[in-house]
There are 2 protein chains.
Amino acid sequence: MHHPSEQNIKVSADVAVFAIKDGALCVLLIQMKKKPYEAQWAMPGGLIGDAETAADAAARILKDQTGLDGIYLEQLQTFDAPERDALGRVVSVAYMALLPRAAEDLRTTDKYADVRWWPVAKLPALAYDHAHMAATALARLRAKLGYTNIIANLLPASFTLGQLQDAYERVLGQELDKRNFRKKILALGLIEETGRTTAGAAHRPAALYRFRKRGLTYIEIL
Amino acid sequence: MHHPSEQNIKVSADVAVFAIKDGALCVLLIQMKKKPYEAQWAMPGGLIGDAETAADAAARILKDQTGLDGIYLEQLQTFDAPERDALGRVVSVAYMALLPRAAEDLRTTDKYADVRWWPVAKLPALAYDHAHMAATALARLRAKLGYTNIIANLLPASFTLGQLQDAYERVLGQELDKRNFRKKILALGLIEETGRTTAGAAHRPAALYRFRKRGLTYIEIL
DNA sequence: ACAAAAGTGTTGTTACTACACCCATGG
DNA sequence: CCATGGGTGTAGTAACAACACTTTTGT
């Protein structure tokens, strides 16, 4: 079936990067310089190399355009509306990336005007079909909280139950009952105590936990 | 980001078509003629046109290669391993299609040797990465049974509860308790009685039901 | 009469929700 | 001593799993 023929379509990868920053779930956006998208915000993205997987391209592009490296990536969906890019037909394989903390040491190249974290509740107008992409990514992330340990990728290696609950609440956008949350999350057996506790804060120290497996694990959660 | 550059990648659409036939969940495969995939089986697929969405391409290709028309399609995932096609770099946007009955009037073009339904439990060796695609499609279909009314697309407009249960069992590959199944499915409110019943079979007539909405509806099911 | 699928309830168990107070620490 | 987040149990309710017999039709 896939035989050579004339086809004039480019393939790109775009990445929706999420992290929790200042008590809000945020997405990382870059501000563009070139026409026709001058001054507009977009998710990091670019063309895939001929010998490179789309996931490798996403990681490379992310490194180039934002300085981020070695983070969790998963394929989201492919966006292929013929008019989605004003400069020509580009089919984009979208990825979702999760970061354990909102990095502050962002840097971009001089091809872009700025890089910044934006709370998902208050996104600016986005270039291309990136508003649609961001909405899809957020919906996927929320859904996956319900049946995987994906939230591990939004947390540091060890964390308190309070931080874990907070991460769930920030992503879901709703508050959870503390006692029920702890019962359920511990009953799942996805996390275990490290044996260590926090110290130095003006309140009772908290037990630190870690995920037994950090890789994506499918379980019935919330 | 998406600026012109030299990129030599083709974009195709491949379709995993499912139907229930002879009491088994089946996939539709075509047998290839040309090298290097001579005599191997594959899912229908082909290059996307420059001004066509991937979904439109999938529908067009399905019509051409199998004669099927007007069926349910949803995007599955994009497969992009650089070596997945021996003839060059092809990124494939995979779709899942569901058919209310296993059509018998299949026809293909003279570019292919044969078209046939294959039970998912006994697939032949597949060309490209289509074995991986088929497994992904099946996993997605099974998962979506659990939170959508997607099974409506595997059934005719009106059906008995027995047929509905049978469809679930064939897709999931496991038997369900009749009384619990009926209780649950009726409690969901996705289906309603048509008022008509079956007749002519050597057993008690069954009430016929229909889906209230045939479009994809998200609900907590099984 | 028999074969074949349709139809129908109850009980025990498990999971979920709602809800309020004391504890340990730093400042 | 006060502010802050950490930590804990129970009771009522709803959902789930297991399970067997009667009904209606065609042959």
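These numbers come from a predicted model, not from an experiment. Chain identifiers are assigned alphabetically (A, B, ...) following the order of the sequence lines, protein sequences preceding nucleic acid strands; residue numbering begins at 1 within each chain.
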Can you check whether any acceptor in the base of C:dT14 is under 3.5 Å from a donor in the side chain of A:Lys183, or vice versa?
-> no
Between B:Asp129 and B:His132, is there a donor-acceptor pair closer than 3.5 Å when you use the side chain of the first and the backbone of the second?
-> no
Distances under 3.5 Å between nitrogen or oxygen atoms of protein and nucleotides 13-15 of chain D:
none

Write down the distance between [atom1] ([X]) and [atom2] ([N]), rounded to a whole number of angstrom.
| X | N | atom1 | atom2 | answer |
| --- | --- | --- | --- | --- |
| A:Leu186 | C:dA15 | CG | P | 15 Å |
| A:Leu164 | D:dG6 | CG | P | 12 Å |
| A:Asn180 | D:dT10 | CG | P | 14 Å |
| A:Phe159 | D:dG6 | CZ | C1' | 16 Å |
| A:Ile185 | D:dG7 | CD1 | P | 14 Å |
| A:Leu188 | C:dA15 | CG | P | 11 Å |

Search all heavy atoms of B:Asp14 against all heavy atoms of B:Met133 and return the closest pair with its distance.
->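 In terms of heavy atoms, the two residues are closest at OD2-CE, 3.5 Å.
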Considering non-hydrogen atoms only, spot the tightest contact between B:Ala57 and B:Ile48 and give its length.
->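 Scanning both residues, the minimum pair turns out to be CB-CG1, 3.8 Å.
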Can we say B:Asp80 and B:Arg84 salt-bridge, meaning some charged N sits less than 4.0 Å from an Asp/Glu carboxylate O?
-> no
Electrostatic pair A:Lys33-A:Glu38, nearest N-O below 4.0 angstrom |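 No, no charged N to carboxylate O under 4.0 Å.
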side-chain hydrogen bond (donor to acceptor under 3.5 Å, both in side chains) involving B:Thr108 - partner list, sequence neighbours excluded |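 Testing B:Thr108 for side-chain hydrogen bond (donor to acceptor under 3.5 Å, both in side chains), a comparison that skips the adjacent residues, returns none.
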Protein-nucleotides 1-8 of chain C N/O pairs under 3.5 Å:
{"residue": "C:dA6", "atom": "N7", "partner": "B:Lys178", "partner atom": "NZ", "Å": "3.2"}
{"residue": "C:dG7", "atom": "OP1", "partner": "B:Ala207", "partner atom": "N", "Å": "2.9"}
{"residue": "C:dG7", "atom": "OP2", "partner": "B:Arg182", "partner atom": "NH2", "Å": "2.7"}
{"residue": "C:dG7", "atom": "O5'", "partner": "B:Arg182", "partner atom": "NH2", "Å": "3.3"}
{"residue": "C:dG7", "atom": "N7", "partner": "B:Lys178", "partner atom": "NZ", "Å": "2.7"}
{"residue": "C:dG7", "atom": "O6", "partner": "B:Lys178", "partner atom": "NZ", "Å": "3.2"}

Any side-chain heavy atom of A:Leu68 within less than 4.5 Å of one from A:Leu106?
-> yes
Between C:dG9, D:dC19, C:dT17, which nucleotide has the shortest distance from any of its atoms to the side chain of B:Asp177?
-> D:dC19
Check: A:Tyr209 ring centre within less than 6.0 Å of A:Phe159 ring centre | no
B:Ala199 near the nucleic acid: base, sugar-phosphate alone, or nothing, with a heavy-atom cut-off under 4.0 Å?
->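 If one applies the 4.0 Å heavy-atom cut-off, B:Ala199 turns out to touch nothing in the nucleic acid.
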Kindly compute the distance separating NZ (B:Lys178) from CD (B:Gln165), expressed to the nearest 0.5 Å.
-> 7.5 Å
